[in-house]
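Worksheet: the structure to be examined is printed underneath.
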Amino acid sequence: MPKQVDHVNRRRLIAEAVCRLTDERGLEGVTLRDVATRAQVSMGAVQRCFRTKEEMLVFALGHISERINERVKARTVRSPAQSAGTALGHAATEIALLREDHRAEARVWLAFVAQAAVSEPLAKPLKANYAALEETFARLISEAADGPAVPVDARREARALLALADGLTTHVLIGHLTPDEAQDVLHAHLENLWEGRVGGRNRKTRT
């Protein structure tokens, strides 16, 4: 009987190898041969899963995006004791990738973002990912600002918060800000968002 190959798990294994190599060398240092070696599979196995390097990178980007999005979803599942404002703070913190155990993931994410500037196949899933996150942020902002004294443009505020969280990733990675300083910036932005808008009902956004 021929051995059955689990192509789904093999593709994920290869994606993890891409991420590890990207963390060490950047995307320019990722080759099909090195990926095969790191994943401990043959070159033929890689080529059977992905026709081109670009196809492999697009899949790897989707793999890391899914991992981050799953964490965001987990943090936004609200218990009766958790306000929408608190859930929003948790979600923004996950997007910013500020924790030490997410530092490698942050380096890989920024490598893909930089490459997407010159690669439409990579830019397309990134734009879709940002659009989905924007929807999540806008929904939470709308819920938190229900009946505010001053109307909140949830879509605009969601875009601003997403851009801030994304930018903080870069500032921490290059050493301009410490993770704690970046967290303070994020908290201050959220507190300013609720100030005068939600009557202080949802100001507890710290994680």
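Basis for what follows: all heavy atoms, side chains included, without hydrogens, waters or symmetry-related copies.
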Specify the closest pair of heavy atoms between [X] and [Y], including all atoms of both residues, with the distance to one decimal.
| X | Y | answer |
| --- | --- | --- |
| P125 | P121 | CD-O, 2.9 Å |
| A158 | I141 | N-CD1, 3.6 Å |
| A60 | V18 | CB-CG1, 3.7 Å |
| A138 | A154 | O-CB, 3.6 Å |
| A116 | A123 | O-CB, 3.5 Å |
| A84 | L140 | CB-O, 3.6 Å |

One pair to check against side chain to side chain contact (heavy atoms under 4.5 Å, CB included): E135 and R155. What are the steps and the verdict? CA-CA 8 Å; E135 286 294 332; R155 178 73 58 186; 2.9 Å; yes
Between E120 and K124, is a salt bridge (charged side-chain N to carboxylate O under 4.0 Å, His left out) present by the stated rule, with each step listed? CA-CA 6 Å; E120 180 56 30; K124 186 176 180 180; over 6 Å; no
Relative to each other, are the rings of F59 and F50 parallel, tilted or perpendicular (30° and 60° limits)?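 It falls in the tilted class, 30° to 60°.
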Apply the test side chain to side chain contact (heavy atoms under 4.5 Å, CB included) to residues R99 and E94: give CA-CA distance (whole Å), side-chain angles for both, the deciding distance (0.1 Å), then the verdict. CA-CA 8 Å; R99 298 209 308 263; E94 290 294 346; 3.5 Å; yes
For the atom pair [atom1] ([X]) and [atom2] ([Y]), what is the distance rounded to the nearest 0.5 Å?
| X | Y | atom1 | atom2 | answer |
| --- | --- | --- | --- | --- |
| E157 | L164 | CD | CG | 11.5 Å |
| H187 | D180 | NE2 | CG | 10.0 Å |
| T22 | L57 | OG1 | CG | 7.0 Å |
| L61 | E66 | CG | CD | 11.5 Å |
| L177 | T170 | CG | OG1 | 10.5 Å |
| C49 | L13 | SG | CG | 9.0 Å |

Below 4.5 Å, heavy atoms only, C-beta onward: do [X] and [Y] meet side chain to side chain?
| X | Y | result |
| --- | --- | --- |
| L88 | W194 | yes |
| R103 | V172 | yes |
| M56 | V30 | yes |
| L133 | N69 | yes |
| F112 | V58 | no |
| T86 | S83 | yes |

Quick check on side chain to side chain contact (heavy atoms under 4.5 Å, CB included): which of V72, L168, T136, L161 does I95 satisfy it with?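 For I95, the side chain to side chain contact (heavy atoms under 4.5 Å, CB included) check succeeds only for V72.
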So, R10 versus H7: side-chain donor-acceptor pair below 3.5 Å or not?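 No, H7 and R10 have no side-chain donor paired with an acceptor closer than 3.5 Å.
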Are D166 and T169 linked by a side-chain donor-acceptor pair shorter than 3.5 Å?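 No donor-acceptor contact under 3.5 Å links the two side chains.
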Pair L173-R107, side chain to side chain contact (heavy atoms under 4.5 Å, CB included): steps then yes or no: CA-CA 7 Å; L173 279 184; R107 288 191 292 266; 3.8 Å; yes
Just jot down the salt bridge (Lys or Arg N to Asp or Glu O under 4.0 Å) partners of K73, sequence neighbours excluded, or say none.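 If we apply the salt bridge (Lys or Arg N to Asp or Glu O under 4.0 Å) test to K73, skipping adjacent residues, the hits are E70.
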Please, which pairs that meet side chain to side chain donor-acceptor pair (under 3.5 Å) have at least one residue in residues 41-54, sequence neighbours excluded?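 Counting only pairs at least two positions apart or across chains, the side chain to side chain donor-acceptor pair (under 3.5 Å) contacts touching residues 41-54 are R51-E55.
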Donor-acceptor under 3.5 Å (H102 side chain, L98 main chain):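 A pair under 3.5 Å: no.
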Counting distance only, does the side-chain N/O of N192 pair as donor-acceptor with the main-chain N or O of A188 below 3.5 Å?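 Looks like yes, one N/O pair under 3.5 Å.
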E134/R139 under salt bridge (charged side-chain N to carboxylate O under 4.0 Å, His left out): CA gap, chis, key distance, verdict: CA-CA 8 Å; E134 183 182 302; R139 173 178 58 80; over 6 Å; no
Between E105 and R67, does a salt bridge (charged side-chain N to carboxylate O under 4.0 Å, His left out) hold up when you go through it step by step? CA-CA 10 Å; E105 198 170 59; R67 195 162 59 201; 2.8 Å; yes
Does a salt bridge link R20 with E24, judged by any charged N lying under 4.0 Å from a carboxylate O?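 The answer is no: the pair does not qualify as a salt bridge.
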Worked check of side chain to side chain contact (heavy atoms under 4.5 Å, CB included) between I68 and L97: CA-CA 9 Å; I68 295 170; L97 298 171; 4.2 Å; yes
